[in-house]
There are 2 protein chains.
Amino acid sequence: MTVRTLDHPTRAEIRLEAVLHALSDPVRLQVVRFLAGLAEGEEAPCSAIDLAVTKSTTTHHFRVLREAGVIHQVYRGTAKMTAIRRDDLDALFPGLLDAVLTADATQRSRVPVG
Amino acid sequence: MTVRTLDHPTRAEIRLEAVLHALSDPVRLQVVRFLAGLAEGEEAPCSAIDLAVTKSTTTHHFRVLREAGVIHQVYRGTAKMTAIRRDDLDALFPGLLDAVLTADATQRSRVPVG
DNA sequence: GCCATAGTACGGCGCTTATCGAACTACGAT
DNA sequence: ATCGTAGTTCGATAAGCGCCGTACTATGGC
């Protein structure tokens with residue numbers, strides 16, 4: 001049995017390019033949109049989000065987000081709870097996450113797809 | 001002789017994911033940083049920016065930025081003048097470009113590299 | 001112990017990307 | 001017309017990405 005720990009970059013290790021890259025995929029943007037809609041600090045299991053991809057692809061996307069520093073994940077029983085790292089992102093890159101979320105919302109209202 | 005016209009997405013065609021992807025590369029971020037530092041509407045030839053890649057790679061990166069709608073390019077004589085599409089980006093995604101530029105500046109002051 | 005549920009790991013497939021060098025085109029100046 | 005400068009185009013390569021299915025592991029409940 002493994003300890004099932006997950007590597008996260010520290011706040012100082014988070015790189016803007018990695019964050020932008022993580023956010024540039026529609027599936028991952030959907031995850032972030034969902035997590036950002038939760039209450040402050042609230043977590044959700046991967047399975048709470050209905051993604052149009054298989055489980056293994058889901059795992060891949062969550063890893064990209066986690067390794068970029070966008071989300072934080074911890075194991076709780078059989079679930080893996082995920083939360084957005086809003087405080088870290090806001091501290092490092094003020095306004096960035098909000099601008100992306102607003103831009104995403106605007107775009108989705110212009111082009112009602114996905 | 002070709003007319004040497006360049007295809008640009010219209011404002012409505014600009015997609016957030018494409019913009020984020022375009023900005024997620026260090027070389028392209030350097031280009032955007034440079035262009036954003038110019039006066040409103042001011043243009044610069046590709047050669048004005050000292051990129052650590054070859055000319056053909058430079059052409060590639062400028063095309064990615066142009067096709068994403070981040071920059072506007074027009075031929076003037078032998079040069080190809082480039083300007084950032086600040087008005088379009090600001091109209092579509094308010095605060096996004098500024099947040100990215102600020103984030104980039106902050107990160108560069110934290111980690112003085114590149 | 002056994003099973004169901006939640007997620008991981010592995011290997012693979014097809015596509016895209018970042019990069020290069022070398023040959024080419026367009027334009028301005030001489 | 002020749003030359004130089006600016007940028008393009010054309011392979012090519014090596015790496016990465018998004019996606020899948022299958023087999024696996026971990027946890028909790030029966």
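Side chains included, hydrogens not; waters and symmetry mates left out as well; all remaining heavy atoms used. Chain naming here is simple, since letters A, B, ... match the order of the sequence lines and numbering starts at 1 in each.
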Please list, pair by pair, any protein nitrogen or oxygen found under 3.5 Å from a nitrogen or oxygen in nucleotides 11-15 of chain D.
none

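Here the C1' atom of nucleotide dC17(D) and the CG atom of Leu20(A) are 17 Å apart, to the nearest Å. Nucleotide dG28(C) holds its P atom 13 Å from the CE atom of Met81(B), rounded to whole Å. One can place CD of Gln73(B) at 13 Å from C1' of dA6(D), the figure rounded to the nearest angstrom. Across the protein-nucleic acid pair, Phe62(A) atom CZ and dG18(D) atom P stand 14 Å apart, rounded to whole Å. Atom CG in Leu51(A) sits about 15 Å away from atom C1' in dC20(D), given to the nearest Å. Between the CZ atom of Arg76(A) and the C1' atom of dA26(D) there is a distance of 16 Å, given to the nearest Å. Between Arg66(A) atom CZ and dG7(C) atom P there is a gap of 13 Å when expressed in whole angstrom units. One interatomic measurement links the two molecules: CD of Glu17(A) to P of dT17(C), which rounds to 18 Å at whole-angstrom precision.
For Arg110(A), there are no side chain to side chain donor-acceptor pair (under 3.5 Å) partners, not counting sequence neighbours. Applying the side chain to side chain donor-acceptor pair (under 3.5 Å) criterion to Asp90(B), with sequence neighbours excluded, gives no partner residue. In this view, His61(A) and Arg28(A) satisfy the side chain to side chain donor-acceptor pair (under 3.5 Å) rule, not counting sequence neighbours. With sequence neighbours excluded, the residues forming a side chain to side chain donor-acceptor pair (under 3.5 Å) with Thr54(B) are Ser56(B), Thr57(B), listed by chain and number.
Comment: Asp7(A) does not engage Arg63(A) in a salt bridge, judged by the lack of any side-chain N to carboxylate O separation of less than 4.0 angstrom.
Formation of a donor-acceptor pair under 3.5 Å by the Glu42(A) side chain with backbone atoms of Gly37(A) is not found in this model.
Taking both residues in full, the closest heavy atoms of Ile71(B) and Phe62(B) are given as CD1-O, 3.5 Å, listed atom of the first, atom of the second, then distance. Nearest heavy-atom pair, Ile14(A) versus Val19(A), reported as atom, atom and distance to 0.1 Å: CG2-CG2, 3.6 Å. The shortest heavy-atom contact between Leu16(B) and Gln107(A) is N-NE2, 2.7 Å.
Phosphate contact (OP1/OP2 of dG7(D), side-chain N/O of Ser47(B), threshold under 4.0 Å): present.
In this structure, Thr59(B) reaches the bases: a heavy-atom distance under 4.0 Å links it to at least one base atom across the strands shown.
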Problem - Contact pattern, 5' to 3', of nucleotides 18-24 of chain C - B, S or - by protein heavy atom under 4.0 Å - result: SBBB---

